[in-house]
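Taking it in order: structure first as structure tokens, then the write-up.
If you're wondering where the values come from, they're calculated on a predicted model, not measured in any experiment. Numbers here simply count residues along the sequence, with the first being 1.
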Amino acid sequence: MKAKPEEVSRKLGEAGPFVAWVLTHLQQNAWWLSPVLLVAAVAMKGAKKFLGEPEVWKELQRVIDDIRSDVYGTQSGSYHHHHRVTLYEYRRRWLYWIPWSFWLMPFVRSGHTSKSNVRCFRVHPKSPGCLNGFAGKAWESEGAIHVEQLPSLTTSSTADEYSRYAEDTNMAVAALKKKLSSSRSYWAVRVMVKGEPWGVLVLDSVSDTLSKRKADGAFKQYARVFSLLLPRV
């Protein structure tokens with residue numbers, strides 16, 4: 001900031017006085033402004049690293065949407081959120097009543113709807129086999145898991161229907177009654193990054209069938225892409 005304001009004013013014509021005024025104030029406050037700008041630059045760089053590159057997020061969304069298309073095809077006339085693909089991340093989560101517990105948290109979901117109020121699943125590293133949802137079961141399983149022909153749950157469903165749905169999806173009956181699920185078929189698999197478990201990919205649909213062959217094939221096609229993209233977010 002060694003430029004002289006009066007020289008800048010003469011060279012810039014009509015805009016000169018304003019630019020000279022700005023330059024003068026910058027020079028007068030450089031003693032505190034320079035450190036602040038430096039800290040801000042470092043913080044922005046750290047935030048970008050923490051949040052990930054925008055291009056990577058766009059590519060992840062495209063991959064998730066492509067998997068949905070490959071497995072479900074064109075569902076003309078049906079709601080997009082009736083046939084979903086959701087990528088969950090395994091990470092710590094601070095809750096004041098459960099400090100530093102581990103959860104499967106929604107990371108990317110297909111489409112543009114049903115992206116809020118997504119169910120999360122607590123994972124117990126030292127107590128496997130808990131009722132932590134279909135995603136939690138996939139996290140603890142070797143290879144992909146799949147279930148179809150689940151009962152259609154409503155507030156008037158019988159106790160047997162709730163019990164069967166809960167057993168097949170690794171959920172507690174109380175959790176299902178608190179938040180009903182309309183999905184009748186699931187497929188899920190653990191996602192690996194650099195040889196370590198990273199999260200879980202879950203497909204769910206209101207249809208009573210879901211092609212395991214197509215889901216297996218789609219994941220095999222994009223597993224390598226996940227391993228390349230996820231370390232960058």
Side-chain angles (χ1 to χ4, degrees), residues 51-91 103-121 133-153 165 168-171 179-194 196-233:
L51 296 174
E53 303 169 27
E55 295 79 8
V56 177
W57 282 102
K58 290 180 181 179
E59 185 64 15
L60 274 174
Q61 185 66 60
R62 185 194 65 79
V63 169
I64 294 296
D65 289 339
D66 284 350
I67 292 176
R68 181 188 182 278
S69 297
D70 291 348
V71 176
Y72 300 119
T74 303
Q75 299 286 338
S76 298
S78 64
Y79 289 112
H80 199 287
H81 62 271
H82 283 176
H83 314 280
R84 301 179 298 202
V85 179
T86 309
L87 179 64
Y88 288 87
E89 179 190 17
Y90 173 78
R91 62 182 174 88
W103 293 73
L104 289 169
M105 304 287 293
F107 197 69
V108 183
R109 171 166 277 186
S110 60
H112 61 283
T113 61
S114 187
K115 288 180 178 284
S116 61
N117 196 29
V118 182
R119 197 190 299 266
C120 305
F121 303 95
F134 204 70
K137 184 177 181 180
W139 173 257
E140 299 172 355
S141 300
E142 190 69 32
I145 58 175
H146 175 235
V147 65
E148 296 180 318
Q149 305 291 338
L150 292 169
S152 179
L153 292 184
Y165 195 106
D168 288 348
T169 59
N170 197 42
M171 292 282 291
K179 185 178 180 181
L180 286 177
S181 175
S182 59
S183 299
R184 300 190 61 198
S185 55
Y186 290 87
W187 178 97
V189 69
R190 188 174 60 219
V191 175
M192 307 290 289
V193 173
K194 295 182 179 180
E196 297 292 332
W198 182 94
V200 173
L201 185 69
V202 178
L203 281 65
D204 68 292
S205 174
V206 297
S207 299
D208 58 2
T209 60
L210 193 162
S211 174
K212 184 179 185 302
R213 177 183 60 81
K214 290 183 178 180
D216 288 344
F219 179 70
K220 183 178 180 180
Q221 178 181 350
Y222 290 104
R224 175 63 176 167
V225 179
F226 283 132
S227 67
L228 294 174
L229 292 178
L230 292 175
R232 296 171 59 189
V233 295

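The pair Glu59-Arg62 counts as a salt bridge, with a side-chain nitrogen and a carboxylate oxygen less than 4.0 angstrom apart.
With values rounded to the nearest 0.5 angstrom, Asp70 atom CG is found 10.5 Å from Leu203 atom CG. Here the CZ-CD1 distance, from Phe226 to Ile64, works out to 4.0 Å after rounding to the nearest 0.5 Å. In this structure, the separation between CG on Asp65 and NE2 on His80 is 6.0 Å, given to the nearest 0.5 Å. From Ser183, atom OG reaches atom CG of Leu153 across 10.0 Å, with rounding to the nearest 0.5 Å.
The shortest non-hydrogen separation linking Val200 to Ala135 is CG2-O, 3.7 Å. Nearest approach of Trp187 to Leu210, heavy atoms of both residues: CB-CD2, 3.9 Å. Closest non-hydrogen pair, Leu230 versus Phe107, comes out as CD2-CE2, 4.0 Å. Counting all heavy atoms, side chain and backbone alike, Ala188 lies closest to Ala138 at CB-CB, 3.6 Å. Of all non-hydrogen atoms in Val193 and Ser227, the two that sit nearest each other are CG1-O, 4.2 Å. When all heavy atoms of Asn117 and Lys179 are compared, the pair lying nearest together is O-NZ, 2.6 Å.
In summary, the side chains of Tyr165 and Ser181 do present a donor paired with an acceptor at a separation below 3.5 Å, with no hydrogens or angles considered.
Residues that satisfy the salt bridge (Lys or Arg N to Asp or Glu O under 4.0 Å) test with Arg184, not counting sequence neighbours, are absent from this structure. Taking the side-chain contact (heavy atoms from CB on, under 4.5 Å) definition, one finds that Met192 meets it with Arg190, Pro197, sequence neighbours left out.
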* Pair Ile67-Leu201, side chain to side chain contact (heavy atoms under 4.5 Å, CB included): steps then yes or no -> CA-CA 10 Å; Ile67 292 176; Leu201 185 69; 4.1 Å; yes

* To do: Starting from the C-alpha separation in whole Å, work towards a yes-or-no answer on side chain to side chain contact (heavy atoms under 4.5 Å, CB included) for Val71 and Val85.
  => CA-CA 10 Å; Val71 176; Val85 179; over 6 Å; no

* Asked: Can you list the steps and then say if Tyr222 with Leu229 is a side chain to side chain contact (heavy atoms under 4.5 Å, CB included)?
  -> CA-CA 11 Å; Tyr222 290 104; Leu229 292 178; over 6 Å; no

* **Criterion side chain to side chain contact (heavy atoms under 4.5 Å, CB included) on Tyr186 and Ile145, from CA distance to verdict** => CA-CA 8 Å; Tyr186 290 87; Ile145 58 175; over 6 Å; no

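Contact of the Ser185 side chain with the Thr209 side chain is not registered, since no non-hydrogen atoms from C-beta on lie closer than 4.5 Å. Side chains of Val108 and Trp57 form a contact here, defined as non-hydrogen atoms less than 4.5 Å apart. At a threshold of 4.5 Å between non-hydrogen side-chain atoms, the residues Phe121 and Trp139 do not count as touching. Between Ser207 and Glu148, the closest side-chain pair of non-hydrogen atoms is not below 4.5 Å.
Around CD of Gln149, the count of heavy atoms belonging to other residues, nucleotides or ligands within 6.0 Å exceeds 12.
Checking Arg109, Lys115, Arg68 one by one against Arg84, the side-chain contact (heavy atoms from CB on, under 4.5 Å) holds for a single residue, Arg109.
The salt bridge (charged side-chain N to carboxylate O under 4.0 Å, His left out) pairs that include a residue from residues 205-218 are Lys212-Asp216, where partners are two or more places apart or lie in different chains.
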